[in-house]
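Positions are given from 1, in the same order as the sequence printed here.
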Amino acid sequence: MNEHEKLRHRIDELDAELIALFEARMEVAGRIAEYKMENDIPVFDETREEQVICKNVGRLQDQSLEVYAASFFSHLMALSRKRQHENLKNYPLSHKL
């Protein structure tokens, strides 16, 4: 296997880890949506999202990736919000009372 193939293989391994983490995060986001519905809390919390971005950007070892990490988490949370809204649309009416 040449260097290019090795690097592609490593990307494939990382992608597999990322997708597993993505699924786990989205599952928790679904549970959060349920909690928010039951407690009449809005899905979007700008302050919380800013905290999440800052906290995770602060974890970077390579600060030159700051703008990319901020964009990554911003997009990730947008997907999470979208999923939460979808979950709430399908939430049983008996739980909405």
Check against side chain to side chain contact (heavy atoms under 4.5 Å, CB included), Asp15 and Ile19
CA-CA 6 Å; Asp15 286 347; Ile19 204 69; over 6 Å; no
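- By the neighbour-count criterion of 12 heavy atoms within 6.0 Å, atom CG of Asp40 is sparsely surrounded, having that number or fewer from other residues, nucleotides or ligands.
- Within the model, atoms CD of Glu3 and NZ of Lys6 stand 6.0 Å from one another, a figure rounded to the nearest 0.5 Å.
- For Leu60 against Leu65, the heavy-atom pair with the smallest separation is CD1-C, 3.7 Å.
- For Asn2, the side chain to side chain contact (heavy atoms under 4.5 Å, CB included) criterion is met by His4, Glu5, not counting sequence neighbours.
- Listed by first then second residue, pairs satisfying salt bridge (Lys or Arg N to Asp or Glu O under 4.0 Å) with a partner in residues 20-33 read Glu27-Arg31, not counting sequence neighbours.
- Cluster annotation: Phe44 and Val52 are assigned to distinct hydrophobic clusters (Ile/Leu/Val/Met/Phe/Trp/Tyr, side-chain heavy-atom contacts under 4.5 Å, transitive).
- Atom-to-atom distance recorded for Ile32:CD1 and Met26:CE is 11.0 Å, nearest 0.5 angstrom.
- Here CZ of Phe22 is found 8.5 Å from OG of Ser80. Values are rounded to the nearest 0.5 Å.
- Atom CG of residue Leu76 and atom CZ of residue Phe72 lie 5.5 Å apart, to the nearest 0.5 angstrom.
- The side-chain hydrogen bond (donor to acceptor under 3.5 Å, both in side chains) pairs that include a residue from residues 67-78 are Ser71-His75, where partners are two or more places apart or lie in different chains.
- Linking Ile, Leu, Val, Met, Phe, Trp and Tyr residues whenever their side-chain heavy atoms come within less than 4.5 Å places Val67 and Phe73 in a single cluster.
- Between Gln84 and Val43 the shortest heavy-atom distance is OE1-CG1, 3.4 Å.
- Sequence neighbours left out, not one pair with a member in residues 53-67 passes salt bridge (Lys or Arg N to Asp or Glu O under 4.0 Å).
- A salt bridge (Lys or Arg N to Asp or Glu O under 4.0 Å) check over residues 41-54, counting only residues at least two apart or in different chains, returns the pairs Glu49-Arg81.
- Taking both residues in full, the closest heavy atoms of Val57 and Ala70 are given as CG2-N, 3.8 Å, listed atom of the first, atom of the second, then distance.
- For Glu13, the side-chain hydrogen bond (donor to acceptor under 3.5 Å, both in side chains) partners are His9, Arg10, not counting sequence neighbours.
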